[in-house]
Amino acid sequence: MSQFTHYLTLPFLWQGLLIAIEISAAAFFAALPFALGLALMRMSRNLIVRWLPVPFIWVMRGTPILLQLLFWYNVLPLIGIRTSAMATAIIGLALNEIAFMAEIIRGGLLAVKQTQRDAAAALGLKRWQVLHRIVLPQALRTIAPAMSNEAIIIVKNTSLASVITVGELTLRSEQVVSTNFEYVPVFAAAGVLYLVATTGIVLFQGWLEARLNIERRARLTAQAALRAREAGFLAPALASGEGMPATAPAPANGKRHAWGPLARLIGRGPRTEATGTPASAPAASRDIVSALEASKEAYGRPGEPYVQIRDVRKAFHGKPVLKGVSLEVEPGNVVFLIGPSGSGKTTLLRTINHLESVDSGEILVGGEYVGYRRTRHGLAPMRDPAGARAKARIGMVFQHFNLFDHLTVMENIMEAPVRVYGRKPDEVRREARGLLAWAGLGEHENHYPHQLSGGQQQRIAIIRAVATHPRLMLFDEPTSALDPELVGEVLQLMRRLAEAGMTMVVVSHEIVFAREWADKVLFMADGSLIEQGTPEELFRNPREERTKSFLRLIDARMAGAQSSTPTEQEIP
């Protein structure tokens with residue numbers, strides 16, 4: 001035991017451990033950026049770029065690290081690169097780890113749902129912002145454990161560097177043993193020293209996983225808020241629906257009021273004194289409503305439709321999805337797209353803000369192309385349409401909410417205004433709180449998406465889009481993923497946007513809502529626009545038999561659910 005303790009405290013062995021740690025850290029951090037680059041190449045849409053790193057990864061993963069170290073130690077001097085044994089060990093270990101780490105990172109990136117990327121792109125974030133702000137933070141939860149294992153493996157693999165005369169811990173242990181032949185205590189002491197180094201990595205891994213644990217952060221945030229409220233430091237947050245202005249009933253003629261609840265919220269228009277809105281809400285929401293009104297001045301060429309879709313065609317894997325669709329949306333109008341599943345409604349919606357490119361035809365928003373540029377050969381897609389999306393100010397609400405899981409409600413709302421439009425965080429936070437109060441969600445700003453109901457998540461998704469001061473809102477089946485009792489919450493918020501004069505294109509089967517609030521309804525089937533008209537024309541007197549058949553199915557479904565599902569008139 002005394003011999004073991006002697007060797008365990010021997011400075012000669014500790015110096016070897018320090019060299020091993022230096023080699024490991026240098027190799028790990030040198031490999032990391034190259035591994036990320038290779039992972040992104042492996043995910044590229046370009047076939048050549050995607051397969052370019054495959055031979056390197058195949059060789060590095062398929063040959064022993066000991067053989068690789070010996071290869072570099074003997075080959076580098078032959079090509080004129082003269083380095084120390086320690087530098088050669090770092091190069092060899094780093095090259096080996098690049099291959100393994102690239103596949104780990106690629107797996108983590110692929111684990112992040114495409115819907116998260118779509119939501120970030122729809123907000124106008126550039127590709128590097130999507131990667132840095134949305135994808136990597138979520139991928140880290142998957143990547144962190146495997147990368148910690150790789151760090152431990154590097155520390156252990158430094159022992160192989162002894163074959164190229166690197167004076168790390170294993171070589172020094174062998175040198176000690178060669179003089180006294182005390183194998184057991186010397187190598188036992190070396191093993192304990194390796195455990196010391198790897199235990200540090202394990203502890204760091206535990207700390208990092210705790211930091212990345214969204215559920216744990218949510219619990220800590222909720223506990224801190226509760227303690228602060230009990231101590232009297234926080235005023236009780238607005239309860240859901242508490243202090244909200246009453247929503248005016250839909251007018252009998254289906255036309256929207258010039259001054260709706262959103263306008264009354266900021267103290268303008270009729271019935272200002274009767275709303276009972278908290279004094280803080282008008283001040284907090286004034287900017288956003290002013291932006292909605294000011295956006296009408298930016299509707300492109302006067303007298304022209306705000307959205308112009310001309311003979312748009314789109315196919316996936318050779319199968320036509322859109323077959324020459326043309327339509328126009330006037331400023332301030334609400335247009336509903338209805339039709340059976342697979343008719344191309346969502347694809348058409350996604351082409352408006354260039355989440356999907358078109359094969360032919362053109363789409364103009366405010367008189368300009370979104371994500372395209374005109375060339376002598378016709379329209380050509382931009383490499384990164386994020387700037388065009390941001391300039392067009394097109395808000396989009398998805399069927400499955402697509403909130404960023406790793407961000408709080410407040411962070412979700414602030415992401416685009418701050419990162420894309422460069423606004424001051426304090427100003428955006430103040431406005432976001434007004435919007436949350438307007439939507440009856442004032443008490444949820446520090447919650448994470450998984451802590452909210454479906455209806456609450458969809459309302460937050462609407463607020464996130466509205467916070468960018470959009471001129472056009474796209475809704476893709478905003479209520480289809482919700483339980484019937486939650487549908488009313490979302491429709492109420494959409495109704496307020498319609499009353500405020502927001503231009504909206506909505507894919508939905510909420511026929512009652514469409515009857516009362518749509519300016520135009522379009523029926524699509526098999527990738528074609530079959531029929532369009534006012535709600536009165538299309539719902540009461542459809543011309544096409546296909547339209548009549550679809551509406552009969554919708555009426556039958558509504559009749560079957562009428563006893564358990566609130567209608568639009570019943571929504572408070």
Within the side chain of [X], is there an N or O that forms a donor-acceptor pair under 3.5 Å with the backbone of [Y]?
X	Y	answer
D483	L486	no
Y421	A390	yes
Y448	F404	no
N412	L403	no
T351	H354	no
R313	S360	no
R419	M414	no
S508	E510	yes

How about [X] and [Y]: do any of their side-chain heavy atoms sit closer than 4.5 Å?
X	Y	answer
S357	K314	yes
Q458	T479	no
R430	R433	no
I394	R389	no
F475	V507	no
P340	F523	yes
T115	F398	no
V365	L472	yes

Could you list the donor-acceptor pairs under 3.5 angstrom formed between side-chain atoms of residues 323-330 and any protein atom two or more places apart in sequence or on another chain?
unit_1: K323; atom_1: NZ; unit_2: D526; atom_2: O; d: 3.2
unit_1: S326; atom_1: OG; unit_2: D311; atom_2: N; d: 2.7

Is R374 salt-bridged to E362, going by a charged N under 4.0 Å from an acidic O?
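The answer is yes: the pair qualifies as a salt bridge.
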
For R464, is there an ion pair with E415 - N to carboxylate O distance below 4.0 angstrom?
no

Indicate every side-chain donor-acceptor pair of residues 200-210 with a distance under 3.5 Å to a residue at least two apart or in another chain.
unit_1: Q205; atom_1: NE2; unit_2: E209; atom_2: OE2; d: 3.0

Take a 6.0 Å sphere around CZ of R310 and say whether it holds more than 12 heavy atoms from other residues, nucleotides or ligands.
yes

With a cut-off of 6.0 Å (strictly less than), are more than 12 heavy atoms of other residues, nucleotides or ligands near CZ of R50?
yes

Polar contact flag, side-chain donor to acceptor under 3.5 angstrom, S480-Q399
yes

Would you say the side chains of Q457 and H444 form a donor-acceptor pair under 3.5 Å?
no

Taking only residues two or more places apart in sequence or in another chain, which ones pass side chain to side chain contact (heavy atoms under 4.5 Å, CB included) with [X]?
X	value
K126	W128, Q129, D384, A386
V321	F316, T347
A514	F336, A518, F539
Q138	V112, Q116, I134, D405, H406

Closest approach of A465 and V397, non-hydrogen atoms and distance?
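Distance-wise, the nearest heavy atoms are CB-CG2, 4.4 Å.
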
Pairs involving residues 343-356, ordered by first then second residue, that meet salt bridge (Lys or Arg N to Asp or Glu O under 4.0 Å) (sequence neighbours left out)
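Listed once each, the pairs are D118-R350, R350-E356.
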
Once salt bridge (Lys or Arg N to Asp or Glu O under 4.0 Å) is applied, what residue pairs with a partner in residues 27-42 remain, sequence neighbours excluded?
R42-E103

Which residue pairs satisfy the ring-ring contact (aromatic ring centres under 6.0 Å, His included) criterion with at least one member in residues 28-52, sequence neighbours excluded?
none

Chi angles and distances behind the side chain to side chain donor-acceptor pair (under 3.5 Å) call for T408, N446
CA-CA 5 Å; T408 64; N446 292 318; 5.2 Å; no

Which atom pairs, donor and acceptor, lie under 3.5 Å between side-chain atoms of residues 141-153 and protein residues at least two apart or in another chain?
unit_1: R141; atom_1: NE; unit_2: L212; atom_2: O; d: 3.4
unit_1: R141; atom_1: NH2; unit_2: E215; atom_2: OE1; d: 3.3
unit_1: S148; atom_1: OG; unit_2: A144; atom_2: O; d: 3.0

CA sep, side-chain torsions, deciding dist, call: E431, R423, salt bridge (Lys or Arg N to Asp or Glu O under 4.0 Å):
CA-CA 11 Å; E431 181 180 287; R423 296 176 57 198; 3.2 Å; yes

Who are the salt bridge (Lys or Arg N to Asp or Glu O under 4.0 Å) partners of R127, not counting sequence neighbours?
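With sequence neighbours excluded, R127 shows a salt bridge (Lys or Arg N to Asp or Glu O under 4.0 Å) to no residue whatsoever.
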
Could you go through the side-chain contact (heavy atoms from CB on, under 4.5 Å) check for Y369 and L379 one step at a time?
CA-CA 9 Å; Y369 299 110; L379 293 181; 3.7 Å; yes

As an exercise, state the distance from CG of N402 to CZ of R117, rounded to the nearest 0.5 Å.
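With rounding to 0.5 Å, CG (N402) is 12.5 Å from CZ (R117).
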
In a table with atom names and distances, give each donor-acceptor pair under 3.5 Å that connects a side chain of residues 88-100 to protein atoms at least two apart or in another chain.
unit_1: T88; atom_1: OG1; unit_2: T83; atom_2: OG1; d: 2.8
unit_1: T88; atom_1: OG1; unit_2: S84; atom_2: O; d: 2.9
unit_1: N96; atom_1: ND2; unit_2: M60; atom_2: O; d: 3.2
unit_1: N96; atom_1: ND2; unit_2: Q68; atom_2: OE1; d: 3.3

Starting from the C-alpha separation in whole Å, work towards a yes-or-no answer on side-chain contact (heavy atoms from CB on, under 4.5 Å) for V409 and L436.
CA-CA 9 Å; V409 165; L436 287 168; 3.9 Å; yes

